[in-house]
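Let me begin by presenting the structure, written as structure tokens, before commenting on it.
The figures that follow rest on heavy atoms only: side chains count, while hydrogens, waters and symmetry mates do not.
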Amino acid sequence: MLRLTCPFCGDRDYTEFRYGGDATKTRPASEETDAGIWHDHLFSFRNPKGPHVEYWQHVLGCRQWIVVERDTATHEIGATHLARDTGDRS
Amino acid sequence: MQRYSAFALLKHALSGNERWARAWRSGAPKPGYDVIIIGGGGHGLATAYYLAKNHGVRRIAVLERGSIGSGNVGRNTTIIRSNYMIGANTAFFEFSLKLWEGLSHDLNFNCMVSHRGQLVLGHGPGQMDVHARRGNTMRLNGIDAELLDRDEVMKLAPYLDYSKEARFPIHGGLLQPRAGTARHDAVAWGYARAADDYGVDIIENCEVKGIVREGGRAVAVETSRGRIDAPKIGIAVAGHSSHVAAMAGLEIPVESHVLQAFVSEAIKPLVHHVISFGAELFYLSQSDKGGLVFGGHIDGFNTYTQRGQLARAQTVAECAVSLMPMLSRLRLLRSWGGIQDMTPDGSPFICKTPVAGLYLNGGWCYQGFKATPASGWTFAHTIANDGEHELNRAYSLDRFLQGKELDEFGIGNWTYKQ
Amino acid sequence: MTAYRLSRGGRIDRRRPVAFLFDGKPQIGFAGDTIASALLGNGVMLLGRGFKYHRPRGVFAAGPEEPNALLTLGEAGRREPNIAATTAELVDGIVAQSQNRWPSLALDLMAINQLAAPVLGAGFYYKTFMGPAKKSWMRYEPLIRRAAGLGKAGVAADPDRYEGRHEFTDVLVIGAGPAGLAAAIAAGRSGARVLLVEQDFALGGSLLSEPAGALEADWLAERIADLGRLGDVTVLTRTTAFGLYDGNTAGLTERRDHERPDPASGRARQVTVTVRAGAIIFATGAIERPLVLANNDRPGVMLASAARTYLNRFGVASGKRIVVATNNDSAYRAAFDLADAGAAVTIADLRAAPDEILAARARAKGIALLPGTAVAEVLGRRAVAGVRLADWKGEDQPIGSARESIEADSVLLAGGWSPTVHLTSHRGIKPVWREDIATFVPGGFAAGQVGAGAVIGTFTLAGAILEGATAGARSAQALGHDRSGAADIAIPAADRGEDGDLRILPAWRIPSRRHGKAFVDLQNDVTVDDVTQAWREGYRAVEHLKRYTTLGMGTDQGKTSNINALALMAGLSGAEIAEVGTTTFRPPYTPVALGALAGRAVGAHFRPVRRSPLHDWHVANGATFIEAGPWLRAWYYAWAGATPAEAYIKEMEVVRRGVGIADVSTLGKIDVQGPDAAELLNRVYVNGFLKLASGKARYGVMLHDDGTVLDDGTTTRLSDTRFFMTTTTAQAGEVMSWLEYLLQTAWKDLRVHVSSLTDEWAGMSVSGPKAREALQLALPGEDLSGERLPYMGAIETALEGVPLRIIRLSFSGELAYEVFTPADYGIAVWQHILTAAAPLGMKPYGLEALASLRIEKGHVAGLEIDHRNTLADLGLAKMAGREKSFVGKSLMQRPNLNREDRWSLVGLESLEPDKKVRGGSILFAPGEELKGHGHGYITSVTWSVELDRTIALALYDGALKHEGEEVIAAFPLKDEQVRLRIVSPHFIDREGKRLHA
Amino acid sequence: MLERTSALASVIPGKGKPGVGGAIGLQLGEARGFALIQVAGFAKAMGKVESRLAALTGGRVPENVRIPVQTGAGWVFRTGPEQVWLVVPAAGDVLARLTREIAPEFGVVTDLSHSRTRIFIDGARSVDALKKGFPLDLSEAFLAAGEAALTGVHHTPVLLHRVTRDRFEIYAMRTFALTVWAWLADASHEFGYEVASSEMGHTV
Ligand SMILES: Cc1cc2nc3c(=O)[nH]c(=O)nc-3n(C[C@H](O)[C@H](O)[C@H](O)COP(=O)(O)OP(=O)(O)OC[C@H]3O[C@@H](n4cnc5c(N)ncnc54)[C@H](O)[C@@H]3O)c2cc1C
Ligand SMILES: NC(=O)c1ccc[n+]([C@@H]2O[C@H](COP(=O)([O-])OP(=O)(O)OC[C@H]3O[C@@H](n4cnc5c(N)ncnc54)[C@H](O)[C@@H]3O)[C@@H](O)[C@H]2O)c1
Ligand SMILES: Cc1cc2nc3c(=O)[nH]c(=O)nc-3n(C[C@H](O)[C@H](O)[C@H](O)COP(=O)(O)O)c2cc1C
Ligand SMILES: [Zn+2]
């Protein structure tokens, strides 16, 4: 069973999480009106065969969204952190 | 090529079967071709065959990194059908089913195309209405469809769970009598042999590692067996579509996901149709070798490993036993996985790309096997004429920018929810 | 002569005979037997028929690698086909039947296939069955399908129970042979938590095949005692590790068939155990390979190690006159033990100069040792009668001159050993070839995993014990459990001159002058000729060879055939075996019952059921329920009618003419609180929420980023920083995760917190012209006037101290109030309102009527919101704020989403009252040919109580541009058409007078 | 007087089932009469919220979900990086005081008292029953008496609280309560279970 580390709850089966897809794309600002920018945000994917940074939500748990680095060719799991914890949140 | 027939079998049997010829030649790649097809799966081989047969292209190479048929064509649950209702999908998949009907003859290779019928179950009035819209659209486009009520479903498939305890009671179903299954391996080998007969070079153990561009045009590929030039290059690598498209600087709306499939031990005839559950994605049919072949939803996260999680095998088994209680004691023989090229709207790409001379066939999600004949036919047309055929015009890379998604099941633009 | 039971010996309990049936005939075995050992003990040699040629077949092996002796066990719901007799533990009451024969095992008419053999070679069915017509295959297919498959599956429901279980352990040891026992003891002594798993019903592995009195037997007994003394060590026998998965997780099947668990006691017959381990030690041993020679499938031919197991473990000799055909040293031990048991043994050893020590011991036991000699062919048809010998000068030499034939009743084959690398290869690490032992070993191990014993090519007892003990101690140490001396495990002193070197002379095929069939895969009847034909036709890659010949695709998954076959193909192609490689190893290691994988999540327990707080009231008051996703919802009530069609009309009438009450508790309810709550809502809803006043509700629509509609619902402002959002039942989970996604990944600065209140509040809709009167009767002291509680107004009050939240909004189009109360009080409040409003004739109405009322009002719902439609398609374009930004605003403007001819919301009125109007009908303009995709389709249909005719909502090309025009609704599935007129989807009270009453 | 109805009214009071050989290995029941109040703080203000909470409950505020804090009146669980659940007797005025003392710009207070049904399983075989569905290490080394975990069973989220070695309390979503109970009863059947009548205010 693919095991993910929820920073709040600890190691859990991936079945406790809901997948959120590619986490490397920053969401355009709400005011952004350029359809091309929104199109690339939604419809283009690096889809690498190797390290992939992705979102998961611990829905059968603390409901936190987390960011996981996982290799899509071997399923080796790297660093994991709460999605909210990057950048400005102290 | 040597004609296959009952007579041929007898003739060769008398001479100890020693004079059967190779089904397809195996040789080193030539320096250049008119067209290179990357990917020796069903779509790549079919494209090469129709390029030669329909468009008279002579110098064609199919480059396959492993052995032909080792990709999804060799690992799918073999369901063929044309019960599509959204835009271009209806005509495209019906055209494919028509090609399936004559395929064994056309290729002189028995693909065991079995028109045994596919029954999609409905578990509530709302779902039956959605089935009705699909069935009505099929009939209006000359495609066979029948809406069955609960009693008719019970006659067709008496072994389903009609008991009071069933968590999702069966209200009825949509039957496509002409739908069914085909022998997956035979499709790859049949197209390979027929293409080889037209002079197509099928080069195995030849992995494409780079696409050479000059002046915005694709002119050659770098492979594990050296550089090979061609003015036209067609990508047909299914699960590796992003990986190969990136070699030409293209980022495409595809994410790679593993879909698992399962086969039970071989038993005497038990299930005579393709059965699709309505409450959760689950589909099952009995192969001619006697094993029940079934599957469910993708595992649900990006991966290129051709193997799945145990939890998914368990949820698929839950569907199997809940839908057909008799399967409880039948044993799983083998489980495997294949990498599917999932697109946001669940529909494929058969189109030109921003790079001149480079063409893309991919994004097949769950449904590429049934599309193999029509995909080969239209991709060959697109390459030969440097322009899409009427049947595949809608399968363009820019459809999302246009808002022309073809969302067959109304799931919305999520690759991992298709 | 046949196999027979010796008067003494074996690890069976001769005091406990066990009776069973085989093909209707009573048989007797002993406790500790398998069905195979019991049948062999009774001299029953014929157990089955070959898959394709229906040749007679007997017992070939002694474990799960058995290709031949597959029986159907049990009857009716407990019928199980294809069970290997060699692993089926003999317990009371077994009913076993042979398979794949007609009319009987002894007389199988299908054997005539052997005459057609030359035509039935590999892949013959690809070359024929194509004519004459396009769909001719449909005529041949039934024949092919009837011939395929061995056993017949049962169709009756299985009475037994199955289950899943979650386990965690420090060290998981797979296999309880010498290596596994040593590993478990060493890890246990170090203080680690250990789980030892063994597929057999006895511990010991290959040690069970040692003679009873041998030192190994004593060692085994001592080790089992050691295990008993260790605290945190769990031992599971009859449990197979069927798959290795990510996260150091293994899937196990725990079988309890021997207990005959009574399902009525809640005890499961089989359990699928998911075990997550800190470290995994693979001690799964090795499986012996046969030699491939003519007629190697006759009953009486078996693996040498199997014969040794039947002798020492079950006290059954394989025959009186035994010929051992070997290419390595390991078979000599079987020869010695059988000679000691009184059999006349001949060893035909391919090697010109077998090991001197072994040769001397053979001669001392009166065994005829024939060096440089091959068994070229097995004689006899229904059972072994003898062998034809030939000089052996090596694989690449033509077979030597035929030599004498000798009589025999048992032929034992020893072609080398294949480590059981299945599990170690399940995660894509391909096994690698080792020339010195002529076999494949694991290609490496992931972190926290290690192999010990025969599985990594160590074929000595001492080696297996040493590696096991070291692996056990090291694995425990890596997890922080250490104790000196943990790995000190005794090694039996027996000097059997064992140095582990098999001194194997690889011989992948013994050519035979005559044309006997040499089988590579005994279960799928694949012969050397088939492999040659695959090579000839170009199917040379190992995966092509497998699929073209169906080699290794039976229930034994090629455990005794894969390596011989790929080595044969390497020879034919002039390639190295290491280059050719193996086919993929896939779970399960041995077949697993689908019921065991499904566990208890079947039938009614398949998926969880969600129930409203008012569920028990509905049950008690004649409701019929319908599934709505995970929910069970009251569909219609008995007071109104016996069928949904009949009842919903009566329920609608009550609401349109008086007052009705409906359970809306399943609506998604979300608490949105914080200084930036309004900002969050303003960003996700298309319409403005910043200036919504407290005590006011507003209908809002949310889009996906791609501009299509995600969900709609009403949100009420309770205070400056607190909102009460409702969503549709179906999208509640989606909306909740979507809001949390936006807050935690993008809008991290917004100070707002969202929590689900779906389960906190019961919700009921009091609807109808007399709704206010009804509510007034229920809440006598409450000011429910239009001023205090106007349309889209909200108040918080109480009834006898019980909090109530009343929001005046309507889904039915009537004057209506949604009354929310904390869930536990739901039934009491609902009953209170019903009792108070009884004089007004208030009645409960269900989901069917609820849906029909909203159709009359023209309110979109699930059938219209299907991720393809935009605001404009649903007639809601006006809701989108022009200046403000909102989620989806940009891509909402994509060209194709704004075309004039988009299919968008219209109402339809039937013009042919006697005809049925059906959902899913396709709409055409009158006179148009009924072909193609049409101009739209009907989404929802109902009888309109108000308009006294059938009405529908639909999506139509250009929508209300065609108001007043006629359309044809085609339903070709039932050859029906009906004429309707396009009208506004708001059939009743377009100005909303009733809402503001 | 308007009465409260439990989501488990159709099964409590009710009959248990004897296990294999007539054994009774555990007890199932419901603990009622509690209030469940959620307090969530905003990123930079969580410190202030925690100090208010500590003052009010008279005990520390738990740092993580594993080790909840028992206060005189009940339990305090940390259910998120900036979220706390108070399980206190229903009769108290904790909700009112919290709503007053936690200013909107620091954090939010939400009453979830009716949203969870508190099922308990108690007895020597409770771990054996729970192992059939909880994907967690239930050994005491990993989940000791007093400790808690947020997880899921039969596709529905629960808070699992090991009150003593053999007593586990499962806070299930109310609309899933009966299906969780049915799952638990089915899992307990082979060990034999009795159905305890509902306990009021059992917090310790
Ligand atoms: C488990 C499973 C079940 C399915 N069931 C069904 C079904 O029931 N019905 C249905 O219609 N569809 C089904 N599908 C989908 C269908 O199988 C695929 O969509 C379809 O086969 C893809 O097209 P293909 O055959 O050309 O792909 P493939 O057979 O995967 O061919 C692609 C080839 O490209 C090769 N390749 C990749 N990269 C390179 C490179 N760099 N250089 C050279 N060669 C390369 C690969 O080795 C592979 O052989 C299923 C798929 C899976 C995985
Ligand atoms: N002399 C030879 O040529 C030769 C060859 C092979 C084995 N051996 C003997 O084998 C011994 C090696 O001992 P060992 O412990 O490595 O192997 P073993 O064969 O003694 O034990 C392996 C055990 O693992 C069990 N097992 C295998 N796969 C399993 C699975 N998936 N799930 C559960 N159980 C599983 C088997 O039932 C068996 O009991 C040596 O003592 C040697 O005598 C000798
Ligand atoms: C339609 C179909 C039927 C199959 N039937 C069998 C079978 O009867 N026995 C078997 O061992 N494998 C069967 N397989 C699985 C293949 O052996 C193999 O697992 C699959 O093609 C994927 O290849 P891989 O396991 O090498 O990755 C079947 C596969 C398919 C697509
Ligand atoms: Zn968590």
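Among the candidates C/Ala447, C/Gly247, C/Ser890, the residue making the largest number of heavy-atom pairs closer than 4.5 Å to chain A is C/Ser890. Across A/Phe43, A/Tyr14, A/Tyr55, the residue that shares the most heavy-atom pairs under 4.5 angstrom with chain C is A/Tyr55. Note on A/Glu32, A/His75, A/Glu76: by heavy-atom pairs under 4.5 Å with chain C, the leading option is A/His75. Ranked by heavy-atom pairs under 4.5 Å with chain A, the list C/Arg683, C/His166, C/Arg276, C/Arg427 is led by C/Arg276. Among the candidates A/Ile77, A/Thr26, A/Asp13, A/Val59, the residue making the largest number of heavy-atom pairs closer than 4.5 Å to chain C is A/Asp13.
With a threshold of 4.5 angstrom between heavy atoms, A/Asp34 approaches chain C through N, CA, C or O but not through any side-chain atom. A/Thr74 touches chain C through its backbone: at least one of N, CA, C or O sits under 4.5 Å from a heavy atom, while the side chain does not. At a 4.5 Å heavy-atom cutoff, the contact between A/Gln64 and chain C is made by backbone and side-chain atoms alike. Contact annotation for A/Glu31: both backbone and side-chain heavy atoms come within less than 4.5 Å of a heavy atom of chain C. For C/Thr274, the part lying near chain A is the side chain, with the backbone staying farther off; criterion is any non-hydrogen pair under 4.5 Å. In this structure, chain C has a heavy atom under 4.5 Å from the side chain of A/Leu42, while its backbone stays farther away. For a residue to count as touching a neighbouring chain, one of its non-hydrogen atoms must lie under 4.5 Å from one of that chain's; by this rule A/Thr33 touches chain C with the backbone only. When heavy atoms are compared at a cutoff of 4.5 Å, A/Arg63 approaches chain C by way of both its backbone and its side chain.
Checked against a 6.0 Å centroid threshold, the rings of C/Phe689 and C/Phe723 do not count as neighbours.
In plain terms, the two heavy atoms of C/Leu891 and A/His39 that are nearest each other are CD2-N, 4.1 Å.
Note on ring orientation: taking the six-membered ring where Trp is involved, the planes of C/Trp738 and C/Tyr741 are parallel (angle under 30°, cut-offs 30° and 60°).
With hydrogens and angles left out, the side-chain atoms of C/Tyr589 and C/Thr240 include no donor and acceptor closer than 3.5 Å.
Geometric assessment of A/Lys25 against the ring of A/Phe45 yields a positive cation-pi assignment under the 6.0 Å and 45° thresholds.
For C/Phe585, the ring pair (Phe, Tyr, Trp, His ring centres under 6.0 Å) partners at least two apart in sequence or on another chain are C/His422. Shown here are the side-chain hydrogen bond (donor to acceptor under 3.5 Å, both in side chains) partners of A/Trp56, two or more places apart in sequence or in another chain: A/Glu54.
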| Chi angles and distances behind the side-chain hydrogen bond (donor to acceptor under 3.5 Å, both in side chains) call for A/Asp71, A/His52 | CA-CA 6 Å; A/Asp71 188 310; A/His52 182 248; over 6 Å; no
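The residue from C/Leu244, C/Leu172, C/Val421 that alone fulfils the side-chain contact (heavy atoms from CB on, under 4.5 Å) condition with C/Phe282 is C/Leu244.
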